*Asks:* 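Please find one structure pasted underneath; my questions will follow.
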Amino acid sequence: MRPHQFRHIAARTFFINPKCDMAIAVGNPLQLHALQQAALDRSIRAIHQQVGLDVDCWPVSGGVVLDRSDGSFLLGVHDIRPERSAQQAAELDFVLKRHGLRLLERDAPDIRQEPLFSNARLAWSFARYHVPITDRLRIALALEDGGPQSVLELEERARPTCDTLAAVCALACQDLVGINISRDPLGPRTIVFAR
């Protein structure tokens, strides 16, 4: 490949999380936001790419599957949710059922709904925040002994040496603790629970 040909190669973005069995190629920012929200959702146990799923004829994001407590769902991410005829919907449903899946479609307004959108972005902004091992242990012990508690209560019990909210967000992105991102803005009253 000649040097001038490098300009035409787009950088690929991958989503990596402990819920994923492998890195997931991300096609656009909206899909990345949907995956980040899914990784913080405690009902979702695993995220993976389904290989060999032939639904390319329908506007469904390629093969990202969310394993939830109520089944496995093919994630469809759209700017605007597509309209399908009854026949198209039936054919898509047939293909998905053959693979043991249902369709979970999310569009831009759904993904950008507040406070979910801002909370997920804030949590993921701390994904690389360094939480010392002693603070990880203190937080884990406090959650084990006291059960679910607010960030403020956790700070009083665990007495971490780092920023408690940043640590909780980083640990949530690593699937080591859980936080509720769909109700209220993240802050001192956010409830943290052990995984």
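We count residues from 1, following the sequence as given. Below, each value reflects all heavy atoms present in this structure, side chains not excepted, and no hydrogens, waters or symmetry copies. Everything numeric in this text was worked out from a predicted model, so none of it was measured.
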*Asks:* Are any non-hydrogen side-chain atoms of I191 and N180 less than 4.5 angstrom apart?
*Replies:* no
*Asks:* Just how far is it from atom CZ of R68 to atom CD1 of I47, taken to the nearest 0.5 Å?
*Replies:* 12.0 Å
*Asks:* Do side-chain atoms of D79 reach the backbone of D107 as a donor and acceptor pair under 3.5 angstrom?
*Replies:* no
*Asks:* Evaluate the side-chain proximity of P115 to S182: yes if any heavy-atom separation is below 4.5 Å, no if none is.
*Replies:* no
*Asks:* Can you name the nearest heavy-atom pair linking A120 to I181, along with the distance?
*Replies:* CB-CD1, 4.0 Å
*Asks:* Does R189, at its CZ atom, have more than 12 non-hydrogen atoms belonging to other residues, nucleotides or ligands within less than 6.0 Å?
*Replies:* no
*Asks:* Can you see which heavy atom on V168 is nearest to which on V177, and at what distance?
*Replies:* O-CG2, 3.6 Å
*Asks:* Could you walk me through whether R138 and L141 pass side chain to side chain contact (heavy atoms under 4.5 Å, CB included), step by step?
*Replies:* CA-CA 5 Å; R138 289 176 182 161; L141 286 173; 6.0 Å; no
*Asks:* With the side chain counted from C-beta on, respond yes when C162 and V131 share a heavy-atom pair under 4.5 Å apart, and no when they do not.
*Replies:* yes
*Asks:* Measure from the side-chain N and O atoms of K19 to the backbone N and O of A39, and report whether any donor-acceptor pair falls under 3.5 Å.
*Replies:* yes
*Asks:* Please round to the nearest 0.5 Å and tell me the distance separating atom CD1 of I44 and atom CG of L66.
*Replies:* 4.5 Å
*Asks:* How long is the span from the NE2 atom in H99 to the OG atom in S72, to the nearest 0.5 Å?
*Replies:* 12.5 Å
*Asks:* Within the 4.5 Å heavy-atom criterion, are Y129 and C169 side-chain neighbours or not?
*Replies:* no
*Asks:* Step by step, work out the side chain to side chain contact (heavy atoms under 4.5 Å, CB included) result for I139 and L154.
*Replies:* CA-CA 7 Å; I139 291 170; L154 187 60; 3.9 Å; yes
*Asks:* I'd like to check I111 versus Q37 (side-chain heavy atoms, cut-off strictly below 4.5 Å). Are they in contact?
*Replies:* yes
*Asks:* Considering all heavy atoms of both residues, which atom of L103 and which atom of L74 are nearest to each other, and what is their separation?
*Replies:* CD1-O, 3.4 Å
*Asks:* Does R42 CZ have over 12 foreign heavy atoms under 6.0 Å away?
*Replies:* no
*Asks:* Can a donor-acceptor pair be found between the side chains of Q113 and R106 at a distance below 3.5 Å?
*Replies:* no
*Asks:* CG of L186 to CZ of F126: how many Å apart, nearest 0.5 Å?
*Replies:* 9.5 Å
*Asks:* List the steps, then state whether side chain to side chain contact (heavy atoms under 4.5 Å, CB included) holds for H78 with L30.
*Replies:* CA-CA 8 Å; H78 317 281; L30 201 57; over 6 Å; no
*Asks:* Using 0.5 Å steps for rounding, measure from the OG1 atom of T164 to the CG atom of L152.
*Replies:* 9.0 Å
*Asks:* For T13 and F15, what are the C-alpha separation, side-chain angles and deciding distance, and is it a side chain to side chain contact (heavy atoms under 4.5 Å, CB included)?
*Replies:* CA-CA 7 Å; T13 301; F15 180 73; over 6 Å; no
*Asks:* Could you check whether any side-chain N or O of E156 sits under 3.5 Å from a backbone N or O of E153, counting only pairs where one atom can act as donor and the other as acceptor?
*Replies:* no
*Asks:* About how many Å separate CD of Q31 and CD1 of I24, when rounded to the nearest 0.5 Å?
*Replies:* 8.0 Å
*Asks:* Mind listing the closest non-hydrogen atom pair of P160 and E155 along with its distance?
*Replies:* CD-O, 3.8 Å
*Asks:* Side chains of D67 and V65, heavy atoms from C-beta outward: is any pair under 4.5 Å?
*Replies:* yes
*Asks:* What I want to find out is whether R84 reaches E105 closely enough, with some N-O distance under 4.0 Å, to be called a salt bridge.
*Replies:* yes
*Asks:* Are Q149 and F193 packed together at the side-chain level, in the sense that at least one heavy-atom pair is separated by less than 4.5 angstrom?
*Replies:* no
*Asks:* Search all heavy atoms of R195 against all heavy atoms of L40 and return the closest pair with its distance.
*Replies:* NH2-O, 4.0 Å
*Asks:* Should we count CD of E83 as having more than 12 external heavy atoms under 6.0 Å?
*Replies:* no
*Asks:* What pair of heavy atoms forms the shortest contact from C173 to N17, and how long is it?
*Replies:* O-ND2, 2.7 Å
*Asks:* Does a side-chain heavy-atom distance below 4.5 Å link L75 with L35?
*Replies:* yes
